[in-house]
Peer 1: 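Structure in C-alpha cells, see below.
The figures here come from the full heavy-atom set of this structure, side chains too, leaving out hydrogens, waters and symmetry mates. Numbers here simply count residues along the sequence, with the first being 1.
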Amino acid sequence: PVIAPPSTVDGFVREFLQNLNLERGVTLSASNPNDRYIALAYTVRDYLVARWLEDQRRQRETQAKGVCYLSAEYLLGRQLDNNLLASGLTDIATDALAACGIDIGELRELEVEPGLGNGGLGRLAACFIDSLATMSVPNVGYGIRYEYGIFRQTFVGGQQVEQPDAWLSLGSPWEFPHPEAAQTISFGGHTETYDDGGVTRNRWVPGWDVEAVPYNYMVPGYQNGRVNTLRLWSAKATNSFDLRVFNSGDYEEAVRAQTFAENISKVLYPEDSTPQGKELRLQQQYFFVAASIRDFLDHQLLPDFDLTKLPERVIFQLNDTHPVIAVPEFMRVLTDEKGMDWDAAWAITQQCFAYTCHTLLPEALEVWSVDLLGRLLPRHLEIIYRINEEFLVAVRERFGDDEMRIRNMSIISEFPERSVRMAYLATVAGAKVNGVAELHSQLLRDKVLPDFDEFYPGKFTNVTNGITPRRFVRLANPQLSGLITEALGGGWLTDMERLRELEAYAEDPDFRAAFAEVKAANKRRLNDVLLARDGFEVSDGHMLDVMVKRLHEYKRQMLKLLHIVTAYEGIVSGAVAASDVQPRTFIFGAKAAPGYAMAKRIIHLINAVGSVVNDDPRVEGRLKVLFPPNYNVTLAERLIPAADLSEQISLAGKEASGTGNMKFALNGALTIGTDDGANVEIRQLVGDDNFFLFGMSEPEVEGLWARGYKPSEFYQADDHLRRAIDLIASGAFSDGDKSVFEPIVSNLLYDDRFMVLADYSAYIDAQAKVDAAYADQDAWTRSAILNVARCGFFSSDRSMRDYIERIWHTPPSL
Ligand SMILES: CCc1ccc([C@H](C)CC(=O)N[C@@H]2O[C@H](CO)[C@@H](O)[C@H](O)[C@H]2O)cc1
C-alpha cells in the first residue's frame with residue numbers, strides 16, 4: 001500500500017524540498033515562485049494520493065453502486081486551499097513553508113483557477129462532487145479538459161473585451177494524465193446492417209476518429225480520508241502526424257488531422273443560455289460522453305460483470321441536456337457491440353440515466369438538426385428515431401390518436417427544421433427528471449413538460465440546489481467559521497442543519513457584536529483585494545450592495561441600475577439631500593456571452609453610470625459603483641463574505657434556482673429578491689422579517705403577460721422611473737451621445753421582455769425598506785445571524801442526500 005508522508009511540519013518540509021529538487025529540478029535558493037507553488041501542490045498531492053488509491057481499490061472491490069456525473073462544465077475554483085483543508089494540512093503546510101522562509105499566502109495567489117464552466121450549472125457540479133466525496137458516496141465526475149476555459153474579461157472604455165484563458169500555460173499540478181488509458185472516439189461515416197448468424201444486426205462504420213486522453217483530478221472528502229475522481233477528457237489526433245504527406249512537402253496538410261482533432265477540447269463554449277448549435281459543440285458533447293461510458297464499462301466494472309445488473313451498479317446523472325447523447329451511445333454499445341437485444345438494452349438504459357434540468361428559458365433548451373446529427377452520428381440518429389417511434393406508440397396507446405399531443409411530445413420536431421429535442425430525449429430515457437428548486441420543478445411539470453408529467457406519473461421530482469460549505473463558508477469566511485465553531489463546537493461543516501443552534505445567539509449582544517466585527521473585517525479584506533486587483537477602494541461605513549452572476553436580461557441587472565440612477569438623479573436634481581442618502585457601494589460582477597449584444601451593452605452602461613456617479617462631487621461619496629472585471633470563483637470567495645445586501649432580483653419564473661443567493665445568506669448578507677427560484681425557499685426558511693421580498697409572483701407575471709404588457713405605460717405613470725430612464729436617454733452617461741445607450745432605452749420602453757419597468761416601483765420601495773433597516777445596525781446584524789442559522793438546508797450535502805433518496809439510491813459506502 002502507498003504510505004502518505006508523515007503529517008508533521010518536518011515531514012512536510014522534507015516532502016516539499018524533495019519535490020522542489022526532484023520534480024522541479026531546483027534548489028530552494030534557486031527556485032522561483034512558480035517552482036515553489038508547483039512543489040507545494042505536488043506535496044499536498046503526495047498526502048492525498050494514498051487515500052485516493054485506497055479508495056479506488058475499495059470501490060473496485062466492493063463494486064458498490066456509484067454515481068457517474070456527466071457534465072460539460074465544472075467550475076472548480078482554486079484547488080490548493082480546498083485540498084489543504086480536506087487533508088487537514090493547512091496549519092502544517094503554513095508552518096513548514098514558513099520554516100523554509102516562504103509565505104504560503106504568496107504561493108496561494110499564483111494558482112490559476114480552472115474556469116471550465118460558465119456559471120451556475122458548472123459551479124453546482126463542482127459543489128456536488130465535493131459533497132459526494134465528503135459523504136463517502138462512490139462517484140466519478142466526467143467532463144472535458146478544455147485547453148481554454150471561460151474567457152478572461154477585461155474592460156476597455158467600460159466595454160467587455162474577451163481574452164483567451166490559457167489556464168494551463170504554467171502547468172497544472174493537480175492533474176494526472178493517463179495517455180495509456182486513451183479511448184478512440186469515432187465520428188461520421190455511415191451505418192449498415194449485416195447478418196449475424198441469422199440475426200440482422202446494425203453497425204456503424206465511422207468516417208474518422210480522435211483519441212480521448214483522460215486527466216484525473218483528486219476530489220478529496222472533507223477530513224474523512226476519502227478521495228473521489230474527476231476524469232476530464234482531452235482530445236488528441238489518432239495519427240497526429242502524417243509523415244508521407246509531410247515528406248510530399250504539404251506540411252500544413254500533414255498536421256491538419258491533429259489540429260482538427262484537438263479542436264474538440266480546445267475551448268469552452270461561453271454561452272450559458274442560448275445554444276449556437278455549432279457542430280463542434282455536438283462533437284464536444286459526444287466526445288466526452290462516449291469516452292466516459294467506455295471508460296466506465298471497461299475500467300470501473302469487473303471483467304465478467306453481468307450487464308443486465310447495470311442498474312444496481314451505476315446511475316449516470318445528466319447535468320442538463322448537454323450530455324444526453326449518452327443515451328443513444330449507451331444503447332449503441334449495449335446492442336451493436338455487446339449484442340444485447342433492443343428491449344433488454346432499453347429497459348437497462350431507462351434505469352441507468354437521470355436528467356436534471358437547469359433552465360426555464362425555452363431558447364436554452366438544446367435541439368440538434370437531424371441533418372447535423374445524421375452526418376456526425378448516423379447510428380445515433382437511427383437509435384433516436386427508434387426510441388421516438390416506440391415512445392409515440394406508447395403515447396398513442398395511452399392518449400389515442402391525439403395528433404396535436406403526438407406532435408407536441410415527439411422527440412423529433414418538424415419546425416423550423418427537423419430536429420431532435422434533447423430535453424424530450426432526456427425525459428423519455430431518464431428514470432427521473434428533476435428541477436433545481438421547488439418553484440422550478442413545479443413549472444417544469446405545469447408549463448415546460450406538462451404532457452410528459454401526465455404520461456410519466458412519478459418521474460418528475462425536485463432537488464433544490466445547494467452549495468459546499470467547505471469552500472463558501474469555511475475557506476471563504478474563516479472568521480465567521482471561527483465564530484460559529486466557538487459557539488457550536490466543530491462538526492457543523494458536515495452537518496449544516498446544526499446552524500439552527502445559532503438562532504439563540506442572535507439574541508446575544510456580544511455575539512452580535514462579534515458577528516458585526518467579522519463582517520467589518522471581511523469588508524477591510526475585500527478593500528485590500530480590490531485595491532491590489534483593480535485599484536478600487538471600498539469606502540468605510542458604506543452598505544455593500546452586491547450583484548454577482550452572469551449578465552442576462554432575465555436576471556435584471558438593469559433593474560439594479562435603474563435603482564442606482566434613481567438615487568443619483570434624486571441627488572443631482574436636488575430632490576434629495578446627499579446627506580440624507582444611506583451611503584452605499586454597489587458592486588457588480590458579471591460576464592456576458594460574447595455573442596449576446598444586449599448583455600454587453602448593459603455592461604457598458606453599468607460602467608458608464610459608475611464612472612459618472614463615482615466622480616460627481618454632488619454625490620459626496622454617498623453612492624459608489626464598482627465593477628471589478630473577470631468575476632470568477634476566486635473573486636466570489638472574497639466578495640460574498642463582505643456583502644451586506646444580496647441582489648436576487650430576476651423576473652419570477654425565470655431563474656431556475658440560483659446558488660449565489662444561498663452563498664450570500666450563509667455568509668450573513670440579507671437578500672432583496674423576488675419570489676423566484678430558490679429565493680422562495682430561502683424566504684420560507686429565514687422568515688419574512690429577514691428577507692426583503694418585492695415584485696410580482698410567477699402567476700402575476702403570467703397574468704400581466706396574458707393581459708398584454710405595455711412597459712411604456714409604467715414609464716408614463718411613474719415620475720421617478722421616467723426621470724431615471726430620461727437621464728440615461730439624455731446621454732448623461734455617454735458624454736451627451738444619445739445613440740450609445742438608445743437600444744437599451746428603447747428595448748425597455750417597447751419590449752422589456754423581463755418586465756423591469758413593471759417591478760420598478762416595488763423594487764424602489766423595497767430598497768427604501770433596506771435603507772431604513774440598515775440604519776439599525778444591531779437589528780440588521782440580528783437578522784443576518786438568523787439568515788446564517790436558518791440556511792443550513794442549502795448545503796450541497798443535503799442536495800446529495802435528496803438525490804440519493806429520490807433518484808440515485810447510492811448510499812455512502814463506508
Ligand atoms: C447550450 C447553452 C447553455 C449552456 C448552459 C446552460 C445552463 C443550464 C445555464 C445555467 O447555468 N443554469 C443555471 O443553473 C444553476 C444550477 O442549477 C441554477 O441555479 C440557475 O438558476 C440556472 O440559471 C444552458 C444553456
Side-chain angles (χ1 to χ4, degrees), residues 71-75 113-125 143-144 146-165 167 263 265-285 319-322 357-368 422 547-558 560-561 588-607 627-633 635-636 650-651 654-660 741 743-744 747 751 753-754 756:
S71 179
E73 303 183 21
Y74 290 92
L75 208 35
E113 75 168 67
L116 307 180
N118 279 283
L121 171 138
R123 181 56 235 178
L124 188 84
I144 302 172
Y146 302 102
E147 198 176 326
Y148 293 88
I150 188 70
F151 62 84
R152 286 166 197 235
Q153 179 192 51
T154 57
F155 291 143
V156 178
Q159 304 203 46
Q160 172 180 298
V161 173
E162 301 87 19
Q163 312 286 347
D165 170 41
W167 70 285
N263 276 346
S265 59
K266 186 66 72 181
V267 64
L268 166 78
Y269 271 86
E271 276 88 38
D272 81 328
S273 63
T274 319
Q276 303 301 308
K278 294 279 189 314
E279 174 168 349
L280 183 60
R281 168 86 173 177
L282 180 56
Q283 288 177 5
Q284 291 184 336
Q285 295 179 350
N319 200 20
D320 215 276
T321 57
H322 313 153
C357 174
H358 295 268
T359 186
L360 281 166
L361 301 178
E363 67 265 30
L365 297 175
E366 290 186 300
V367 292
W368 290 108
M422 302 310 266
M547 185 166 192
V548 289
K549 51 191 72 222
R550 285 293 296 249
L551 206 297
H552 198 290
E553 290 165 278
Y554 84 80
K555 295 173 185 281
R556 302 203 294 189
Q557 280 90 352
M558 267 315 295
K560 177 77 254 165
L561 203 55
F588 288 91
K591 288 179 179 178
Y596 190 175
M598 182 57 83
K600 294 180 89 165
R601 207 179 283 282
I602 292 170
I603 286 179
H604 186 191
L605 178 56
I606 294 170
N607 281 319
F627 194 162
N630 204 40
Y631 175 65
N632 59 15
V633 175
L635 184 55
S650 53
L651 179 64
K654 302 302 177 189
E655 188 70 84
S657 164
T659 45
F741 299 122
I744 292 180
N747 175 279
D751 183 358
R753 179 182 164 203
F754 299 106
V756 168

Peer 1: Do you know the tightest heavy-atom contact between Ala593 and Pro270?
Peer 2: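 Looking at all heavy atoms of both residues, the closest pair is CB-O, 3.5 Å.
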Peer 1: Would you give the length of the straight line joining atom OG of Ser71 to atom NE2 of His358, rounded to the nearest 0.5 angstrom?
Peer 2: 7.5 Å
Peer 1: Kindly determine whether Gln557 and Ile603 satisfy side-chain contact (heavy atoms from CB on, under 4.5 Å), including the steps that lead there.
Peer 2: CA-CA 9 Å; Gln557 280 90 352; Ile603 286 179; over 6 Å; no
Peer 1: Before you tell me yes or no, could you show the steps for Arg281 and His322 under side-chain contact (heavy atoms from CB on, under 4.5 Å), namely the whole-Å CA-CA distance, both residues' side-chain angles and the distance that decides it to 0.1 Å?
Peer 2: CA-CA 9 Å; Arg281 168 86 173 177; His322 313 153; 3.4 Å; yes
Peer 1: Can you check side-chain contact (heavy atoms from CB on, under 4.5 Å) on Asn747 and Glu553, steps first, answer last?
Peer 2: CA-CA 11 Å; Asn747 175 279; Glu553 290 165 278; 4.1 Å; yes
Peer 1: Please determine, by modelled atom types, if Lys591 and Asn118 share a side-chain donor-acceptor pair under 3.5 angstrom.
Peer 2: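 No, Asn118 and Lys591 have no side-chain donor paired with an acceptor closer than 3.5 Å.
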Peer 1: Does a side-chain heavy-atom distance below 4.5 Å link Tyr148 with Trp167?
Peer 2: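 A side-chain contact is absent here, since even the closest heavy-atom pair is not under 4.5 Å.
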Peer 1: Do the ring planes of Tyr596 and His552 sit parallel (below 30°), tilted (30 to 60°) or perpendicular (above 60°)?
Peer 2: perpendicular
Peer 1: Are Tyr631 and Gln153 linked by a side-chain donor-acceptor pair shorter than 3.5 Å?
Peer 2: no
Peer 1: Strictly distance-based, threshold 3.5 Å: is any side-chain N or O of Asp165 a donor or acceptor partner for the main-chain N or O of Phe151?
Peer 2: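 The answer is no, because no donor-acceptor pair under 3.5 Å joins these two groups.
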Peer 1: In Å, rounded to the nearest 0.5 Å, how long is the span from CZ of Arg753 to CG of Leu651?
Peer 2: 9.5 Å
Peer 1: How close do Ala592 and Arg550 get, counting heavy atoms only, and between which atoms?
Peer 2: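 Minimum heavy-atom separation between Ala592 and Arg550: C-NH2, 3.9 Å.
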Peer 1: Please identify each residue that fulfils side-chain contact (heavy atoms from CB on, under 4.5 Å) with Leu360, with sequence neighbours left out.
Peer 2: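 Partners of Leu360 under the side-chain contact (heavy atoms from CB on, under 4.5 Å) test: His440, Leu443, Val448.
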Peer 1: In Å, rounded to the nearest 0.5 Å, how long is the span from CD1 of Ile150 to CG of Asn632?
Peer 2: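 Going from the CD1 atom of Ile150 to the CG atom of Asn632 covers 10.5 Å.
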Peer 1: Taking only Lys NZ, Arg NE, NH1 and NH2, and the carboxylate oxygens of Asp or Glu, determine whether Arg123 and Glu73 approach each other closer than 4.0 Å.
Peer 2: no
Peer 1: Please check: side-chain N/O of Gln284 versus main-chain N/O of Val267, any donor-acceptor pairing under 3.5 Å?
Peer 2: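 Yes, Gln284 side chain to Val267 backbone: donor-acceptor pair under 3.5 Å.
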Peer 1: Tell me the side chain to side chain donor-acceptor pair (under 3.5 Å) pairs involving residues 597-607, sequence neighbours left out?
Peer 2: Glu162-Lys600
Peer 1: Got Asn319 and Leu121 here, is their nearest side-chain heavy-atom distance under 4.5 Å?
Peer 2: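 Side chain of Asn319 against side chain of Leu121, heavy atoms only: contact under 4.5 Å found.
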Peer 1: Give me the atom names and distance for the closest heavy-atom approach of Pro629 to Thr154.
Peer 2: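 Minimum heavy-atom contact is CB-CA, 4.4 Å.
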Peer 1: So do the side chains of Glu279 and Leu282 get within less than 4.5 Å of each other, counting heavy atoms only?
Peer 2: no
Peer 1: For Lys266 and Tyr146, what are the C-alpha separation, side-chain angles and deciding distance, and is it a side-chain contact (heavy atoms from CB on, under 4.5 Å)?
Peer 2: CA-CA 5 Å; Lys266 186 66 72 181; Tyr146 302 102; over 6 Å; no
Peer 1: I'd like to know if the side chain of Asp320 reaches the main chain of Cys357, judged simply by a donor and an acceptor atom lying under 3.5 Å from each other, with no hydrogens or angles considered.
Peer 2: no
Peer 1: Does this structure show an ion pair linking Glu113 with Arg152, if we count only N-O contacts that are shorter than 4.0 Å?
Peer 2: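 Salt bridge between Glu113 and Arg152, a charged N being under 4.0 Å from a carboxylate O: no.
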Peer 1: Do Leu551 and Ile602 have side-chain heavy atoms sitting under 4.5 Å apart?
Peer 2: yes
